[in-house]
Amino acid sequence: MPLMSPAQYLESLKDGREVWYRGQRIDDITTHPVMGKAARHAAIDYSVAEDPEHEALAVVEENGQRYSRYYKIPTSAEDLLKRSALIEICTSEGDTLVTLIKEIGTDAIFALLAVTAEMDDPIYHERVQAFYEHCRDNDFAVAVAQSDAKGDRVKRPSAQADPDMYLRVVERRDDGVVVRGMKLHTSISTNAHEVIVLPTRAMGESEGDWSIAFALPINTPGLKLLASPFGDGPDEPGEHPITSKHKMMETMTVFDDVFVPNDRIFLNGETAEAGTLALTFVEYHRFTAVSYKLPLVDALGGCAAVIADYNGIIGAGHVREKFVELISYAEILRALTEKAAERCIPKPNGQVAPDPLTVNIAKSHFAHGYHRAVQHVQEIAGGLLVTGPGDEDWESEEIRPFLTKYLVGRDGVSAEQRMKMMNFIRDLTSSDYGGYQEVLAIHAEGSLEAEKLQIFRAFNQGGGARRVVGLASRMAGL
Ligand SMILES: Cc1cc2nc3c(=O)[nH]c(=O)nc-3n(C[C@H](O)[C@H](O)[C@H](O)COP(=O)(O)OP(=O)(O)OC[C@H]3O[C@@H](n4cnc5c(N)ncnc54)[C@H](O)[C@@H]3O)c2cc1C
């Protein structure tokens with residue numbers, strides 16, 4: 001089957017999926033004012049593949065077959081670097097918005113392929129391979145539901161007052177299993193074709209019912225997508241240059257006693273592999289994360305430079321200091337992202353994964369620096385970010401003359417020019433979407449503490465601890 005066009009992609013989402021929005025069941029998400037916007041945003045992954053400028057990167061030709069590069073199983077640093085470059089292009093086509101549609105699902109597929117390749121029973125690997133080919137050949141978008149509701153964070157899944165706090169198997173049958181639970185924060189699910197479910201943490205020996213991984217079509221009966229309305233605000237294109245066109249959707253994803261057939265089960269009670277799978281997924285997914293952050297951090301630097309110039313403060317000492325910090329912030333992230341690919345580690349089935357130490361340092365660097373970077377841009381821009389005019393004010397014959405006279409910047413910078421940049425910065429940093437980006441920076445693809453834990457673990461496992469302790473001990477004459 002050939003690659004899907006953006007129009008075919010949108011059409012393919014009309015499949016009876018059960019989506020709820022602000023208490024209402026939505027029959028066709030593509031015509032919904034908010035979810036339709038998210039679907040069209042997601043279609044960027046499909047339009048980039050048709051763009052002559054990007055086609056060579058976005059489409060892979062192998063054995064006479066053409067398929068999306070997102071489905072290229074990485075076997076070298078070069079594959080990872082190309083994947084990262086494609087993610088960066090798709091994200092900047094989305095005006096510095098967040099990850100699009102084919103990235104997250106393929107991260108999970110790569111993790112499933114790598115982990116099941118090492119399992120005693122080859123059946124799981126065969127099933128994942130068949131699922132991979134199904135998604136690749138149909139050019140599908142796949143969501144990943146990993147984060148559970150979790151209840152009391154300190155208690156294990158089996159120790160929760162309600163055992164459904166982590167998604168679990170409630171019935172085992174000859175032809176499959178029945179699962180129950182609610183996964184949270186599931187990105188892009190309203191406009192995906194399939195959802196992969198993974199365990200969110202390591203499991204104890206008695207936690208076989210929670211050690212489950214599988215995939216289902218989004219329109220499977222009993223699968224309910226409760227879409228978050230966060231950021232469904234107004235659509236004025238001038239005031240909201242990003243969010244009037246672009247949107248990500250997240251859902252609370254309910255599995256209300258859903259049947260999963262055997263051929264879609266990728267882990268079923270093997271407790272030892274649950275944690276490995278959870279961690280292998282984030283190795284791939286944090287690489288996607290830092291790749292799609294690159295246009296965002298570059299844009300922050302660009303915003304600071306342009307608005308400083310417009311405000312006439314480009315030569316000020318404190319502004320230069322902030323530039324240096326913003327440039328270093330972005331360039332360190334870029335260097336670490338490349339390094340994570342170059343230092344990639346082999347997996348047993350011949351594929352590679354980004355280096356866990358470097359990729360977690362990259363993600364941690366991004367997440368810890370994001371609020372400070374936003375602070376610099378907001379400081380340089382000034383308070384008009386939240387006190388400026390609306391689109392209707394510019395249209396008013398009576399009001400516009402005051403705006404064009406008083407909102408100018410340095411000599412030669414018109415009020416329209418300055419407010420265009422101001423609106424962009426506002427939408428990016430000071431709107432609902434700005435708040436979304438800040439929470440996203442801290443929590444998405446794993447919280448700050450999760451990354452620290454992985455940095456510590458990867459450093460130890462990679463021999464780093466032995467190296468530095470050995471060096472210091474030798475130098476001290478111990
Ligand atoms: C915009 C967005 C998109 C996302 N997309 C997806 C997606 O597509 N698929 C998906 O599966 N997930 C997704 N996530 C989920 C993301 O991975 C989680 O938000 C993240 O792992 C944190 O989990 P949480 O939100 O449940 O917060 P919590 O885990 O409740 O964390 C809150 C605080 O509690 C602390 N904490 C948690 N447990 C403990 C403990 N045992 N002891 C001490 N402290 C603890 C944490 O460190 C943190 O400070 C997304 C999140 C966001 C914000």
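In this pair, Phe366 and Tyr370 present their aromatic rings tilted. The plane angle is within the 30 to 60° band. Using cut-offs of 30° and 60° on the angle between ring planes, the pair Tyr71 and Tyr132 is tilted.
For the side-chain hydrogen bond (donor to acceptor under 3.5 Å, both in side chains) test, residues two or more places apart in sequence or in another chain that qualify with Ser187 are Glu250. Applying the salt bridge (charged side-chain N to carboxylate O under 4.0 Å, His left out) criterion to Arg17, with sequence neighbours excluded, gives Asp15. Scanning for ring pair (Phe, Tyr, Trp, His ring centres under 6.0 Å) contacts around Tyr9 gives Tyr46, His193, with sequence neighbours left out. For Ser291, the side-chain hydrogen bond (donor to acceptor under 3.5 Å, both in side chains) partners are Ser84, not counting sequence neighbours. In terms of the salt bridge (charged side-chain N to carboxylate O under 4.0 Å, His left out) criterion, Arg127 has no residue partners (sequence neighbours excluded). Every side-chain hydrogen bond (donor to acceptor under 3.5 Å, both in side chains) that Thr75 has, sequence neighbours left out, goes to Asp79. Remark: Glu270 engages no residue in a salt bridge (charged side-chain N to carboxylate O under 4.0 Å, His left out) (not counting sequence neighbours). Residues that satisfy the side-chain hydrogen bond (donor to acceptor under 3.5 Å, both in side chains) test with Thr276, not counting sequence neighbours, are absent from this structure. By the salt bridge (charged side-chain N to carboxylate O under 4.0 Å, His left out) test, Asp235 pairs with Lys37, sequence neighbours left out.
With a 6.0 Å radius and a threshold of 12 heavy atoms from other residues, nucleotides or ligands, Asp120 has its CG atom at or below the threshold. Within a 6.0 Å sphere centred on CD of Glu78, heavy atoms belonging to other residues, nucleotides or ligands number 12 at most.
Salt bridge annotation for Glu194-Arg264: present, with a cationic side-chain nitrogen under 4.0 angstrom from a carboxylate oxygen. With respect to the salt-bridge test (charged N to carboxylate O, under 4.0 angstrom), the residues Arg286 and Glu445 do not qualify.
Not a single donor-acceptor pair under 3.5 Å links the side chain of Gln375 to the backbone N or O of Ala373. Using a distance-only test at 3.5 Å, with no hydrogens or angles considered, no donor-acceptor pair links the side chain of Asn360 to the main chain of Ile455. Judged purely by atom type and a 3.5 angstrom limit, Asp232 has no side-chain atom pairing as donor or acceptor with the backbone of Val34. The main-chain N or O of Lys339 is never found under 3.5 Å from a side-chain atom of Asp355 such that the two would form a donor-acceptor pair. Using modelled atom types, no side-chain atom of His376 and backbone atom of Phe323 make a donor-acceptor pair closer than 3.5 Å. Judged by distance alone, with hydrogens and angles left aside, the side-chain atoms of Glu171 form no donor-acceptor pair with the main-chain N or O of Val177 at under 3.5 Å. A donor-acceptor pair under 3.5 Å is formed between the side chain of Asn138 and the backbone N or O of His134. Side-chain atoms of Gln351 never come within 3.5 Å of backbone atoms of Ile73 as a donor-acceptor pair (strictly under, hydrogens ignored). Although no hydrogens or angles enter the test, the distance criterion places no donor-acceptor pair under 3.5 Å between the side chain of Glu342 and the main chain of Ala77. When atom types are taken as modelled, the side chain of Thr358 and the backbone of Pro354 share no donor-acceptor pair closer than 3.5 angstrom.
Here Asp298 contributes atom CG and Glu331 contributes atom CD; the two are 7.0 Å apart, rounded to the nearest 0.5 Å. Taking OG1 from Thr271 and CD from Glu207, the interatomic distance works out to 8.5 Å, rounded to the nearest 0.5 Å.
Pairs of residues two or more places apart, or lying in two chains, that qualify as ring-ring contact (aromatic ring centres under 6.0 Å, His included) and include a residue from residues 16-36 are Tyr21-His32. Within the structure, ring-ring contact (aromatic ring centres under 6.0 Å, His included) pairs that include any residue of residues 108-129 comprise Phe110-Tyr284 (at least two apart or interchain).
For the pair Ile196 and Gly105, the tightest heavy-atom approach, listed with the atom from each and the gap, is CD1-O, 3.8 Å. What you find for Ile345 and Pro356 is that their closest heavy atoms are CD1-CD, 3.8 Å.
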**Request:** Dump the intermediate steps for salt bridge (Lys or Arg N to Asp or Glu O under 4.0 Å) on Lys183 and Asp148, then the final yes or no.
**Result:** CA-CA 5 Å; Lys183 294 280 190 177; Asp148 286 285; 3.1 Å; yes
**Message:** Please determine whether side chain to side chain contact (heavy atoms under 4.5 Å, CB included) holds for the pair His368 and Glu451, giving the CA-CA distance in whole Å, both sets of side-chain angles, and the decisive distance to 0.1 Å.
**Reply:** CA-CA 11 Å; His368 278 90; Glu451 284 135 26; 5.7 Å; no
**Asked** Would Arg172 and Asp209 count as a salt bridge (Lys or Arg N to Asp or Glu O under 4.0 Å) if you check the C-alpha gap in whole Å, the side-chain angles of each, and the deciding distance to 0.1 Å?
**Response** CA-CA 10 Å; Arg172 290 180 197 282; Asp209 287 345; 2.8 Å; yes
**Request:** Evaluate side chain to side chain contact (heavy atoms under 4.5 Å, CB included) for Leu277 paired with Leu112, printing each intermediate quantity in order.
**Result:** CA-CA 7 Å; Leu277 186 52; Leu112 283 161; 3.7 Å; yes
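Taking the side chain as every heavy atom from C-beta outward, His240 and Tyr433 never approach each other to under 4.5 Å. The shortest distance between side-chain heavy atoms of Met35 and Asn191 does not fall below 4.5 Å. Taking the side chain as every heavy atom from C-beta outward, Ile212 and Arg168 never approach each other to under 4.5 Å.
Glu88 pairs with exactly one of Arg334, Lys293, Lys82 by the salt bridge (charged side-chain N to carboxylate O under 4.0 Å, His left out) rule, that one being Arg334.
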Mind listing the side-chain donor-acceptor pairs of residues 457-469 below 3.5 Å, one per line with the distance, residues two or more places apart or on another chain?
from, atom 1, to, atom 2, distance (Å)
Arg457, NH1, Gln454, OE1, 2.8
Asn460, ND2, Phe456, O, 3.4

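Between Glu325 and Tyr329, the side chains place no donor N or O within less than 3.5 Å of an acceptor N or O (distance only, hydrogens not considered).
Both tests hold for Arg173 against Phe259: distance to the six-membered ring centre under 6.0 Å, angle to the ring axis within 45°.
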